[in-house]
Amino acid sequence: MINDEIISRLFELRDEAYRDFQSKLIPTVDIGDFIGVRTPELRAFAAELAKRDDKEIFLSALPHRYFDEYQLHAFTVSLEKDFEKCVEEVERLLPYIDNWAVCDQTTPKAFKKHRSALLPHIEKWLESDRTYTVRFAVKMLMDNFLGDGFDPRFPAAVADIRSEDYYVNMMRAWYFATALAKQYESTLPFFTGQRLDKRTHNKAIQKAVESRRVPDETKLYLKTLKIK
């Protein structure tokens, strides 16, 4: 069975020191749920798996036991070229994501080529009551709609999210920091008008100030906009 084969392969690639390091970065996952496979090896494995006719058996075997299985799953789904199939697989995976790493590493290549078709799905995900579904939706707006296809209604939608969840608001801050780098004129009013909650507002400015993509003179100005 492919699932047994995958588990066996993951344990062959195990690095226990890396597992211990990784578990500290992802506190929402118990250390016993980590195998400890490094990301480049998982990506290489996913590239192999994506070409297999029996990968559907693994992708449908949810929930998985290990974090590394979820990472492998995310990388494999991200390689799906057919847009509709990719959305189907993403929506099957999203309810089982329970950490920021798997959420953020689900980066479907097919989405960039089908932005118009993607938008209704993002809008639906934004309305979810699941932390990582909302986080994923915001990340998809950040990854796919801060260049071509940008519309001021997208940062407005992110600003309008009301959540006390740390992982949702950290993604909102990341989104706005990136928006300040890529769509400065459209994004600045969200800060001068204090459209965000204090913590997200200040964290976004902090991230923008730390970014190499934001000019130094802009960083100086953004610092004056922090809410005290």
Side-chain angles (χ1 to χ4, degrees), residues 18 21-28 38-44 46-47 71 74-75 78-79 97 99-113 115 118-119 122 125-126 131-132 134-161 163 165-228:
Y18 180 68
F21 166 76
Q22 195 175 39
S23 69
K24 295 176 183 177
L25 300 178
I26 310 169
T28 59
R38 292 179 178 271
T39 298
E41 294 175 317
L42 282 170
R43 289 190 182 277
Q71 269 197 309
F75 292 148
S78 296
L79 295 172
I97 296 177
N99 64 86
W100 66 264
V102 172
C103 177
D104 296 0
Q105 290 175 329
T106 306
T107 54
K109 295 182 178 180
F111 285 6
K112 289 187 179 297
K113 296 180 180 180
R115 284 195 290 262
L118 176 62
L119 268 177
I122 291 178
W125 297 332
L126 284 172
T131 294
Y132 296 101
V134 176
R135 183 180 171 102
F136 179 76
V138 176
K139 187 168 190 296
M140 290 303 97
L141 284 175
M142 183 176 72
D143 289 351
N144 298 291
F145 293 95
L146 283 180
D148 294 339
F150 174 78
D151 189 300
R153 66 190 177 96
F154 301 148
V158 177
D160 287 344
I161 293 172
S163 175
D165 192 284
Y166 172 84
Y167 291 99
V168 169
N169 289 328
M170 282 297 100
M171 179 55 69
R172 292 174 67 227
W174 186 7
Y175 172 89
F176 274 101
T178 306
L180 283 168
K182 292 188 172 185
Q183 298 289 345
Y184 180 74
E185 295 300 329
S186 295
T187 306
L188 185 61
F190 288 89
F191 293 88
T192 56
Q194 296 187 4
R195 290 278 305 277
L196 305 172
D197 58 277
K198 178 180 177 180
R199 185 174 185 181
T200 303
H201 176 108
N202 287 342
K203 179 58 71 171
I205 289 175
Q206 177 189 327
K207 287 178 175 290
V209 168
E210 292 170 351
S211 172
R212 295 180 180 178
R213 294 178 292 183
V214 176
D216 288 343
E217 59 271 23
T218 300
K219 292 179 181 181
L220 291 174
Y221 175 57
L222 289 174
K223 288 180 180 179
T224 71
L225 298 179
K226 282 198 169 185
I227 301 174
K228 297 181 180 179

Which atom names give the shortest non-hydrogen contact between [X] and [Y], and what distance separates them?
{"X": "G149", "Y": "F154", "answer": "O-CE1, 3.2 Å"}
{"X": "S163", "Y": "N169", "answer": "O-ND2, 2.8 Å"}
{"X": "D197", "Y": "R172", "answer": "OD1-NH1, 2.9 Å"}
{"X": "A177", "Y": "A208", "answer": "CB-N, 3.7 Å"}
{"X": "R195", "Y": "P189", "answer": "CG-O, 4.3 Å"}

Just verifying a value: how many Å separate [X] [atom1] and [Y] [atom2], rounded to the nearest 0.5 Å?
{"X": "L196", "Y": "Y175", "atom1": "CG", "atom2": "OH", "answer": "11.0 Å"}
{"X": "W125", "Y": "L118", "atom1": "CH2", "atom2": "CG", "answer": "5.5 Å"}
{"X": "F150", "Y": "R115", "atom1": "CZ", "atom2": "CZ", "answer": "13.0 Å"}

Determine whether T131 and I97 make a side-chain contact, defined as any pair of heavy atoms from C-beta on separated by less than 4.5 Å. no

Residue pair K207 / T178, side-chain heavy-atom distance below 4.5 Å: no

Mind telling me whether [Y] and [X] have parallel, tilted or perpendicular rings, with 30° and 60° as the class edges?
{"X": "F21", "Y": "Y18", "answer": "tilted"}
{"X": "F176", "Y": "F190", "answer": "tilted"}
{"X": "Y167", "Y": "Y132", "answer": "tilted"}

Donor-acceptor contacts, no H, no angles, side chain residues 139-147, under 3.5 Å, sequence neighbours left out:
residue, atom, partner, partner atom, Å
K139, NZ, D104, O, 3.4
K139, NZ, D143, OD2, 2.7
N144, ND2, M140, O, 3.0

Does N99 use its side chain to pair, donor to acceptor, with the backbone of T28 at less than 3.5 Å? no

